[in-house]
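Just so you know, ligand 1 is whichever comes first in the structure, and atom 1 is the first atom listed for that ligand.
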Amino acid sequence: MTREITVSVIKADIGGFVGHGQVHPEVVARVRAHLEEEGPRRGLIDLHVTSVGDDIVCVVTHRRGPDDAAVHGLAWEAFLAGTEVARRLKLYGAGQDLLSDSFSGNVRGLGPGVAEMTFVERPSEPIVVLMADKTEPGAWNLPLYRIFADPFNTPGLVIDPKLHAGFRFDILDLHTDRRISLFTPEESYDALVFLGATSRYAIQAVHSRALGTVAAACSTQRLSRIAGRYVGKDDPVALLRCQNGLPAVGEVLEPFATPHLVAGWMRGSHAGPLMPVALADATPSRFDGPPRVAAIGFQLAEGRLVGPRDLFGDVAFDGARREALEMAAYLRRMGPFQPHRLPLDEMEYTTLPEVAARLAGRWSVSG
Ligand code: F6R
Ligand code: MG
Ligand code: MG
């Protein structure tokens, strides 16, 4: 047994209630019951199951390391058990993210999203889990850049000696599956060349240069690429360690006070503001949105998850919610026009091939 703790956040959309808006409470209960029944035997120390929109999120702790077959297999079985309930209730899109009929080793590439970190638990270890619905992994690029590289968001970068040395960003090219590591602050302009292109590049992990340890991990699955056809948005999760040489909890939450536009609203084909919400409000309804982010915080105690605290359930984020709703109303007026509608190659739904083929003979050379 290693001294290191692994926190694994594993999520999937295994059926929506009603439509794509929420997870049915019976599904959450079934997934939780499976983890509780089987978890101790598979080495789980603790677990927490919650949901955001139509995505169910399992937070588990253990000492088995990353990509562990027993832990990932357990989550997979729990999702299968939840899918049985979803099928019985005829929930919408039951089992949609379980893309393979059989589990083989770990859930990466199978459909569920995973953000996982392995580290030696510090004397006090506050962690935050960010969970978004109706968007994609690149939605974390802007807030994570602000948390780890922007001193106007994170004053610790300027005034805390341990943050002052900067961070290493591991960035994934979602088209080629290649990865690059860039170091801030000195390579921050280079990093932004990629991070600003949110449909193609996504942050996989962030490491502290001073502490030599992982600070953040994100889920970077793209279901549309895994399946070869559209089966739902990727709806990412991220896991962050906080305080004492890492960004403060408040520095982690601060970027969400200014809602940014993300891809993934209605039919995965529209841009909309990412609205920070308490868990009770993580139920997208207007135009199937707008996209939402919820945040839960825990203190780790020898792997025990002490919590959660519902971190956006704070009146201090009311202004951001109001602003997001104004942005949403403004964008909705644009209807099917860009930039509310996504560029052609980013839409999850398109009638273009059929329409283009049918009208092919109607085009003529202009002029
Ligand atoms: C799903 C989502 C929704 C659906 C829309 C159409 O997360 O964003 O907006 O894309 O409700 O869903 P289908 O095609 O399943 O009827
Ligand atoms: Mg869904
Ligand atoms: Mg979803």
Name the orientation class of the two ring planes belonging to Trp265 and His340 (parallel below 30°, tilted from 30 to 60°, perpendicular beyond 60°). perpendicular
Can you give the donor-acceptor pairs under 3.5 Å from side chains of residues 312-319 to other protein atoms, not counting sequence neighbours?
unit_1: Asp314; atom_1: OD1; unit_2: Ala316; atom_2: N; d: 2.9
unit_1: Asp318; atom_1: OD1; unit_2: Arg321; atom_2: NE; d: 3.4
unit_1: Asp318; atom_1: OD1; unit_2: Arg321; atom_2: NH2; d: 3.0

Find out whether Ile56 and Asp13 are in side-chain contact, i.e. whether some heavy atom of one side chain is under 4.5 Å from a heavy atom of the other. no
Going by the angle between their ring planes, with limits at 30° and 60°, are Tyr145 and Phe169 parallel, tilted or perpendicular? tilted
Closer than 4.0 Å to some heavy atom of Asp288 - which atoms of ligand 1 meet that? 3 (C), 4 (C), 5 (C), 9 (O), 11 (O)
Which of the N/O/S atoms in Asp13 sits closest to the Mg ion (ligand 2)? OD2
Can the positive tip of Arg209 be found less than 6.0 Å from the middle of the six-membered ring of Phe183, inside 45° of the ring normal? no
Counterpart residues, side chain to side chain contact (heavy atoms under 4.5 Å, CB included), relative to Pro255 (two or more places apart): Pro143, Arg146, Ile147, Asn153
Check whether any heavy atom of Phe287 sits under 4.0 Å from an atom of ligand 1. no
N/O separation below 3.5 Å, His20 to ligand 1: yes
Report the name of the N/O/S atom of Asp133 located nearest to the Mg ion (ligand 3). OD1
If you measure every N or O of Trp265 against every N or O of ligand 1, does any of those distances drop under 3.5 Å? no
For the Mg ion (ligand 3), find the closest N/O/S atom belonging to Asp235 and write down its atom name. OD2
Check whether any side-chain heavy atom of Pro236 lies under 4.5 Å from a side-chain heavy atom of Lys11, and answer yes or no. no
Considering only N, O or S atoms of His20, the one closest to the Mg ion (ligand 2): ND1
Heteroatom N/O/S of Asp55 within less than 2.8 Å of the Mg ion (ligand 2): no
Do we see a donor-acceptor contact under 3.5 Å between the side chains of Thr61 and Asp46? no
For ligand 1, which atoms sit closer than 4.0 Å to a heavy atom of Met266? 9 (O)
For the Mg ion (ligand 2), what is the closest N, O or S atom on Asp54? OD2
I need the contact type for Lys134 against ligand 1. Using non-hydrogen atoms and a strict under-4.0 Å cut-off, is it side chain, backbone, both or neither? side chain
